[in-house]
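This report refers to the structure that appears directly beneath it.
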Amino acid sequence: MTRLQTAFDAIDKANSADPTLTTDGQPEALLYGRRMSAEQEALYPAASEPLRIACRGQHIERWSLPRSDYPMDRPGYLAWRTEQGRRHAARVAGIMREAGYGADDIAHVERMLTKQGIKRDDEVQAMEDVACFTFIRWYLGPFAEGRDPAELQRIVEKTARKMSATARALALTAFAIPEPFAAAFRA
């Protein structure tokens, strides 16, 4: 077994413990990691092993730090998200060490998972593009239900701003994005 497969198996094993199950009985975190890997394969088929691992492990054991542990306002959300990134990076770093990866690869994955270098580091940006595609394909529809249109517009605009120009252009062809949301991807 390759060290990449060893890392994937360890991430999947950790995410299999997610108590939140999908409608077909799969652990939500396990499904999310696999969806991230599928989007990464479609968008960046020649991705490095660190990028592949970062995508698979982006939300590792996310349920273990509930959003409700933080104030339900924007500063609380940002603090929760930052702590989640730190926790995910530390957990995946441990898995990578056990799989035989070196310090440079581990440090790069930690930067990706803590989103250090969006718009400056190609692989950090690639992981963000993958996360945005995963959100649009699998989670935006259910997320949008019952939302205020102005709030939804802001969320779509923020999502588009996180993406590279290439990914924004690809999103317009990959998804049937209605106006005025599509305008955010042309900016």
Side-chain angles (χ1 to χ4, degrees), residues 1-18 26-65 67 77-140 158-171 174-175 185:
M1 180 181 311
T2 66
R3 64 185 184 166
L4 177 62
Q5 191 59 54
T6 299
F8 276 4
D9 289 350
I11 291 167
D12 288 352
K13 182 179 178 185
N15 282 336
S16 292
D18 187 348
Q26 290 186 71
E28 181 61 44
L30 178 65
L31 180 59
Y32 180 82
R34 290 181 174 166
R35 285 175 170 171
M36 284 285 291
S37 286
E39 292 295 336
Q40 171 266 299
E41 284 293 328
L43 290 171
Y44 300 100
S48 68
E49 288 188 15
L51 177 55
R52 291 172 191 267
I53 292 168
C55 288
R56 185 64 151 250
Q58 182 189 5
H59 285 174
I60 190 168
E61 298 172 339
R62 188 178 180 98
W63 72 90
S64 65
L65 182 63
R67 171 67 182 93
Y77 169 74
L78 294 174
W80 171 76
R81 193 178 71 183
T82 298
E83 180 58 16
Q84 284 285 30
R86 188 199 64 73
R87 290 165 55 103
H88 298 152
R91 182 70 166 99
V92 171
I95 286 171
M96 290 179 73
R97 269 191 288 287
E98 289 178 16
Y101 285 91
D104 289 345
D105 285 339
I106 292 169
H108 193 51
V109 168
E110 288 175 315
R111 285 191 301 278
M112 284 187 260
L113 292 174
T114 56
K115 302 186 181 206
Q116 297 175 31
I118 291 176
K119 306 287 184 187
R120 295 183 316 273
D121 180 305
D122 289 344
E123 286 200 313
V124 175
Q125 185 60 55
M127 194 198 78
E128 189 65 23
D129 290 346
V130 169
C132 290
F133 261 67
T134 302
F135 173 69
I136 294 166
R137 185 176 313 279
W138 296 103
Y139 302 99
L140 180 58
K158 286 180 183 180
T159 300
R161 277 195 306 269
K162 293 178 188 178
M163 298 167 74
S164 67
T166 301
R168 283 194 311 273
L170 185 56
F175 305 109
F185 293 87

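Here the structure is a predicted model, which is why all the values come from computation and not from measurement.
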Taking every heavy atom of G117 against every heavy atom of V124, the minimum-distance pair comes out as C-CG1, 3.8 Å

In short, V92 meets G57 closest at the heavy-atom pair CG2-O, 3.8 Å

- When you look at D129 and Y44, which way does the side chain to side chain donor-acceptor pair (under 3.5 Å) test go after all the steps? CA-CA 10 Å; D129 290 346; Y44 300 100; 2.7 Å; yes

Under a 4.5 Å cut-off applied to non-hydrogen side-chain atoms, are R86 and E83 in contact?
yes

Is there a donor-acceptor pair closer than 3.5 Å between any side-chain N or O of R168 and the backbone N or O of M163? yes

Between the CG atom in L43 and the OG atom in S164, the distance rounded to the nearest 0.5 Å is 8.5 Å

Review point. How far apart are the C-alpha atoms of R87 and R91, what are their side-chain angles, what is the distance that settles it, and do they pass the side chain to side chain contact (heavy atoms under 4.5 Å, CB included) test?
Key: CA-CA 6 Å; R87 290 165 55 103; R91 182 70 166 99; over 6 Å; no

- [ ] List the steps and the verdict of side chain to side chain contact (heavy atoms under 4.5 Å, CB included) for K119 and K162.
- [x] CA-CA 8 Å; K119 306 287 184 187; K162 293 178 188 178; 5.8 Å; no

*Side chain of D18, backbone of E61: donor and acceptor closer than 3.5 Å?*
no

In this structure, CD of Q5 is separated from CG of D12 (nearest 0.5 Å) by 8.0 Å

- Message: Contact between Y32 and I60 at the side-chain level, heavy atoms closer than 4.5 Å - yes or no?
- Response: no

All heavy atoms of C55 vs all of M36, minimum pair found to be O-CB, 3.2 Å

*Would M127 and I118 satisfy side chain to side chain contact (heavy atoms under 4.5 Å, CB included), going step by step from the backbone distance to the final call?*
CA-CA 9 Å; M127 194 198 78; I118 291 176; over 6 Å; no

Looking only at heavy atoms, the pair that brings A93 and I106 closest together is CB-CG2, 3.5 Å

Side chains of residues 130-140: which donor-acceptor partners sit under 3.5 Å, not counting sequence neighbours?
from: T134; atom 1: OG1; to: V130; atom 2: O; distance (Å): 2.9
from: R137; atom 1: NE; to: E39; atom 2: OE2; distance (Å): 2.3
from: Y139; atom 1: OH; to: E28; atom 2: OE2; distance (Å): 3.2
from: Y139; atom 1: OH; to: R35; atom 2: NH1; distance (Å): 3.2

Residues I53 and A7: closest non-hydrogen pair is CD1-CB, 4.0 Å

Would you say P27 and W63 make side-chain contact, with heavy atoms under 4.5 Å?
no

Salt bridge (Lys or Arg N to Asp or Glu O under 4.0 Å) pairs touching residues 100-115, sequence neighbours excluded, are K115-E128

Any donor-acceptor N/O pair, E123 side chain to M112 backbone, under 3.5 Å: no

Heavy-atom side-chain proximity of N15 to R34 below 4.5 angstrom: no

*asked:* Taking A29's backbone N and O only, do any of them form a donor-acceptor pair with H59's side chain (distance below 3.5 Å, no angle check)?
replied: no

For residues 95-102, please give each side-chain donor-acceptor pair under 3.5 Å, one per line with the distance, not counting sequence neighbours.
from: Y101; atom 1: OH; to: L4; atom 2: N; distance (Å): 3.3
from: Y101; atom 1: OH; to: E49; atom 2: OE1; distance (Å): 2.4

With Q40 as partner, the option from Q58, R56, R52 fulfilling side-chain contact (heavy atoms from CB on, under 4.5 Å) is R52

